[in-house]
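A, B, ... follow the sequence lines: proteins, then strands. Residue 1 opens every chain.
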Amino acid sequence: MQKERRRNSSRVRTLVFAGLFLLSMVLFTGMVFAGSSVDEGRKICTTRKLGNCVSCHYLPDVESPGNVGPNLVESMKNYTPEDRAIVRQWIVDARKFNPETIMPPFGANKILNQKQIDAIVDYLYSLKKGGK
Amino acid sequence: MYKNLFKIAVCLAVILSPLMAVHDVWAGGDSASIQEYEQGCTYEEYEKTYLEFYGNSTNEMAEEGNPAELMLDDGKDLYNTVDGSKGKSCASCHGENGEKLVGVAVKYPKYDPAIKGINTVALQINRCRENQMGAKPLKYESYDQLALTLYVKSLSNGMKINVSIDGPARKFYEKGKKFYYTRMGQWNFNCAICHVKYSCKRVRTNLLSPNRRHGDHWPSYRLKWGKTGSMQRRFRGCMKNMRAKPLPYQSEEYRNLELYLTYQSNGLPLEVPGMRM
């Protein structure tokens, strides 16, 4: 009986260790890939089936961007790191700033998810340093 | 238990909300509250921008001939072909070579008391077939239906478009306008934002055209389709691009919309078949 319990508790311990190990692996890979959210944001902005921001906005190194909206490299010059929430709000739902906007409400209408929108904001801020 | 009910209610609301958005459009009528946009550019400015952006290739192609001309010839044959239980052709009523239909198409779409709504050339062809010829209606957007529409409209080529929105037509024109300005689909666009406010702007490689000449050239051959199609096919295409659910051909909404847009082309000569990228 006692032996049994001890064996169980050691099994639990192994499981906990295995769990922690896996968790740290996940966190580690997460950290490694965190840098690539800029790449992901760029991809979302330039892919037709995702954000397709280039259909309306100038973005660097993209063939034939649209000109319905402002040049986002120029726009980003006006935003400081403290303005992250504002930039994010433009993407979540631009109607907050302009009820008659043509810009689709990417967050409010669930065209993109929160993670994708964060990646876009990371990408837009990278444009301040010459982009990627 | 209540939690589940709540979940069901939320699910239903989510599923039904797009339907309700469309219903809003149907409910339309009064467009007095619509704030019209200022035109992004005139048609003349558009033509200049078009040449700068795309070059002369579309004109060159048009000179080589419009593939829809073949369809037009077939339409003429169909016009003279007897069909249906009453042993008649279109020519039996409207004269050889369409004599009595010359100048008719420039007044379409128009209000028709018999259907208490807007009648289009395509719809009228099917009404003639059913009621006068005892023939089956032609499927909208089928080759024969487009060919007949094309032939009937070509009989008015060069004449000025002269669509009336007086009297009972007014109400349907207003509905069409309301549709044109109603936000729809996941992208939350409306027709006017692209074809009025941002006309002459570029959405990637597409130059947005102002709507002045949206009503003067249908049916048209379109390179992207590799086919000839109707104005209403284009409505469906733009609605799909907006991620909104396209409506059926000759639905009440599309006939009202066709009236609204054709009216924007009033005074211009009718020129079918058109040709577009």
Side-chain angles (χ1 to χ4, degrees), chain A residues 41-75 88-117 120 123-124 127 131, chain B residues 10-11 13-15 17-18 20-22 33-41 45-46 48-50 52-55 180-210 224 237-245 277:
Chain A
R42 183 179 194 280
K43 189 170 155 236
I44 296 165
C45 283
T46 54
T47 305
R48 211 177 95 86
K49 291 227 158 122
L50 296 171
N52 201 17
C53 315
V54 280
S55 67
C56 294
H57 292 284
Y58 171 86
L59 288 169
D61 306 322
V62 184
E63 217 181 304
S64 46
N67 65 355
V68 169
N71 175 328
L72 288 180
V73 176
E74 293 302 317
S75 292
R88 199 171 190 285
Q89 179 63 47
W90 269 106
I91 304 161
V92 170
D93 192 344
R95 288 172 296 188
K96 184 160 178 216
F97 303 119
N98 173 14
E100 277 304 313
T101 189
I102 187 179
M103 189 161 147
F106 291 97
N109 279 11
K110 304 212 159 45
I111 299 163
L112 299 173
N113 64 36
Q114 302 297 324
K115 233 187 102 207
Q116 290 173 311
I117 293 171
I120 293 177
Y123 163 62
L124 291 182
L127 298 177
Chain B
V10 169
C11 284
V14 168
I15 293 165
S17 55
M20 287 191 298
V22 172
S33 58
I34 291 171
Q35 179 74 46
E36 279 182 50
Y37 301 135
E38 227 174 276
Q39 282 275 352
C41 69
E45 286 167 325
Y46 167 75
K48 222 179 122 240
T49 316
Y50 188 98
E52 284 164 16
F53 193 52
Y54 294 117
Y180 205 67
Y181 275 86
T182 300
R183 298 284 185 154
M184 54 184 108
Q186 213 183 3
W187 292 92
N188 197 44
F189 291 149
N190 65 32
C191 315
I193 202 142
C194 286
H195 294 298
V196 181
K197 190 169 172 183
Y198 286 105
S199 54
C200 282
K201 291 282 186 185
R202 278 177 282 112
V203 177
R204 211 82 202 245
T205 52
N206 294 300
L207 185 65
L208 296 173
S209 57
K224 198 183 148 199
C238 275
M239 280 182 78
K240 282 183 207 160
N241 291 343
M242 295 154 87
R243 299 195 187 174
K245 195 170 178 278
M277 289 208 298

Closest heavy-atom contact between [X] and [Y]?
X: B:K197; Y: A:E100; answer: NZ-O, 3.6 Å
X: A:R48; Y: B:R243; answer: O-NH2, 4.3 Å
X: A:S64; Y: B:T205; answer: OG-CG2, 3.4 Å
X: A:N67; Y: B:R202; answer: OD1-N, 2.5 Å
X: B:W187; Y: A:P105; answer: O-CD, 3.9 Å
X: A:V62; Y: B:R204; answer: CG1-NH2, 3.1 Å

Item to complete: Could you tell me whether B:E52 atom CD has more than 12 heavy atoms of other residues or ligands within 6.0 Å of it?
Response: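 It does: B:E52 CD has more than 12 such atoms within range.
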Worksheet item: Measuring from A:I102:CD1 to B:Y37:OH, what's the distance to the nearest 0.5 Å?
Response: 8.5 Å
Worksheet item: Atom CE of A:M103 and atom CD1 of B:I193: how far apart are they, to the nearest 0.5 Å?
Response: 12.5 Å
Practice prompt. For chain B, find which of A:R95, A:K110, A:H57 contributes the most heavy-atom pairs closer than 4.5 angstrom.
Written response: A:R95
Item to complete: Flag the pair B:V203 / A:S55 as yes when at least one side-chain heavy-atom distance between them is below 4.5 Å, and no otherwise.
Response: yes
